[in-house]
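Input: a single structure, listed below in structure tokens.
Chain letters run A, B, ... following the sequence lines, proteins first and then strands; every chain starts at 1.
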Number of protein chains: 2
Amino acid sequence: MARANSSHRPPGRPRSSVDAVVFEATLRTIHELGYTRATVDRIAAAAGVAKTTIYRRWPSKGELITACLVDAFGALPLTGTDREKDLATAIRWGAAKIGEPGVGAAFAGVFTDAVSDPALRRVLATRLQDPYRRALQEALGEPENRVLFIIDVVVGTLLHRMGITGEPMVDDDVDTLVEMVQRLLR
Amino acid sequence: MARANSSHRPPGRPRSSVDAVVFEATLRTIHELGYTRATVDRIAAAAGVAKTTIYRRWPSKGELITACLVDAFGALPLTGTDREKDLATAIRWGAAKIGEPGVGAAFAGVFTDAVSDPALRRVLATRLQDPYRRALQEALGEPENRVLFIIDVVVGTLLHRMGITGEPMVDDDVDTLVEMVQRLLR
DNA sequence: TCGGTATCGATACTTGAGGTAGCGAAATGG
DNA sequence: CCATTTCGCTACCTCAAGTATCGATACCGA
């Protein structure tokens with residue numbers, strides 16, 4: 001069995017550290033041109049990198065966007081002690097992240113691509129949905145199907161608004177969303 | 001100013017009445033292959049019609065799908081006398097329609113195309129969203145922004161579930177959705 | 001210092017989908 | 001019979017995802 005030796009460097013030229021630059025260029029390009037016109041060619045150009053370099057690191061546009069979103073969303077800031085507060089935090093956190101330039105459009109775009117692409121759907125579920133679903137299950141102490149329902153409501157609503165208006169949801173409506181979903185915990 | 005004379009037939013060969021056949025073929029193809037692989041070529045073949053005939057009637061794939069959805073959804077069956085009941089009816093009606101074969105996938109697909117296509121977004125808003133928004137405003141007696149919020153929640157949630165699982169929402173969750181949104185009327 | 005190896009940018013290519021152009025044939029009304 | 005329009009058909013254009021290849025380059029170990 002091969003030993004996992006983190007201090008061992010693989011042979012050959014090491015990869016240049018441009019992942020963060022590519023992520024930033026991806027969101028910026030999507031923000032400026034929209035998801036469809038944000039082609040891999042344009043993203044590569046915006047990052048100052050060859051298209052082949054993109055495909056060497058992420059096997060498809062969908063996986064690039066997914067990795068970009070995982071990087072952009074980061075970790076949910078939950079306390080684990082106050083269920084109502086944690087749910088409100090999660091909703092407001094999601095609304096804020098989806099409102100960041102390019103994030104909402106990227107999310108909506110990759111999500112819809114996934115509808116017709118089972119492989120991408122698995123990647124999206126594993127890398128993006130599962131971590132937050134588990135964190136919420138633990139913090140809220142609710143069964144999986146209930147947490148999945150809440151995720152459908154919150155993410156679906158926020159993305160639908162973003163897709164219709166092109167603008168993030170206003171705070172008043174986020175407040176309504178928070179109150180509405182919080183009742184499910186009582 | 002040209003007079004609108006509905007009894008006057010325009011000259012030339014009349015269009016063959018295949019709209020319904022094309023709509024049926026569109027939903028069936030999307031149901032069988034998914035939105036992305038349901039190309040206009042394949043839809044035309046499934047309808048037994050030339051691709052150019054499709055483009056003679058609908059200027060783009062997005063407009064074809066929109067017309068198809070307008071035809072599939074039809075009119076909301078509201079009473080106009082019982083607000084709570086009408087809201088529940090609207091939600092269950094929407095859930096049932098989105099669950100019909102091909103409808104949910106078509107809706108999700110054209111919706112996401114619209115995110116990056118302002119012209120299509122206008123078509124979708126005018127032909128699909130506005131009629132139901134107005135009908136709900138009248139039946140519920142709620143202001144426009146409140147009705148728009150409800151539409152975001154209901155449609156967003158149903159489409160998100162459909163996109164994630166590929167299956168329509170189960171009745172129990174639809175019930176929860178109904179109760180959750182009904183509280184907004186009180 | 002010099003191979004071995006893997007990444008780099010660049011270019012060219014394949015595949016597939018949306019959409020258009022132009023044709024002769026067919027269907028209507030006058 | 002003639003003008004007009006739609007029909008199916010074929011060929012085509014544009015653009016985007018993804019692949020293949022090549023010389024150049026960066027790192028490691030001997």
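No contact: B:T36 has no heavy atom under 4.0 Å from any strand. When heavy atoms are screened at a 4.0 angstrom cut-off, A:R57 is found touching the sugar-phosphate backbone but no base atom.
Under 4.0 angstrom from either OP1 or OP2 of D:dC7 there lies at least one side-chain N or O belonging to B:S16. Look at B:R37 and you won't find any side-chain N or O under 4.0 angstrom from OP1 or OP2 of C:dG16.
Between the P atom of D:dA16 and the CG atom of B:D113 lies a distance of 14 Å, rounded to the nearest Å. Summarising the geometry, the separation between CZ on A:R13 and P on D:dA26 is reported as 6 Å, rounded to the nearest angstrom. To the nearest angstrom, C1' of C:dT20 lies 15 Å from CD1 of B:I54. Taking atom CG of A:D41 as the reference point, atom C1' of D:dC15 lies 10 Å away to the nearest angstrom.
Applying the 3.5 Å distance criterion, the base of D:dG18 shares a donor-acceptor pair with the side chain of A:K51.
For B:F23, the ring pair (Phe, Tyr, Trp, His ring centres under 6.0 Å) partners are B:W58, not counting sequence neighbours. In this structure, A:E138 has no salt bridge (charged side-chain N to carboxylate O under 4.0 Å, His left out) partners at least two apart in sequence or on a different chain.
When each of A:T39 and A:R56 is assigned the nucleotide of DNA chain D bearing its nearest heavy atom, the one mapping closer to the 5' terminus is A:T39. Two residues, A:V18 and B:Y35, neighbour DNA chain C, and the one matched to the more 5' nucleotide by heavy-atom proximity is A:V18.
The pair B:E32-B:R37 fails the salt-bridge criterion, with no side-chain N (NZ, NE, NH1 or NH2) lying under 4.0 Å from an Asp/Glu carboxylate O. Looking at B:R92 and B:D175, a side-chain N of the basic residue comes within less than 4.0 Å of a carboxylate O on the acidic one, giving a salt bridge. For A:D86 and A:R83, the salt-bridge test fails: no basic side-chain N is under 4.0 Å from an acidic carboxylate O.
The side chain of A:P11 sits closest to C:dT5 out of C:dT5, D:dG18, D:dT4. Of the candidate nucleotides D:dT6, D:dA26, C:dA10, D:dA26 has the atom lying nearest to any side-chain atom of A:P14. Nearest to the side-chain atoms of A:K61 among the listed nucleotides C:dA6, D:dG18, C:dT20 stands D:dG18. Taking the side chain of B:T52 as heavy atoms from C-beta on, and the options C:dT20, C:dC8, D:dA16, the nearest nucleotide is C:dT20.
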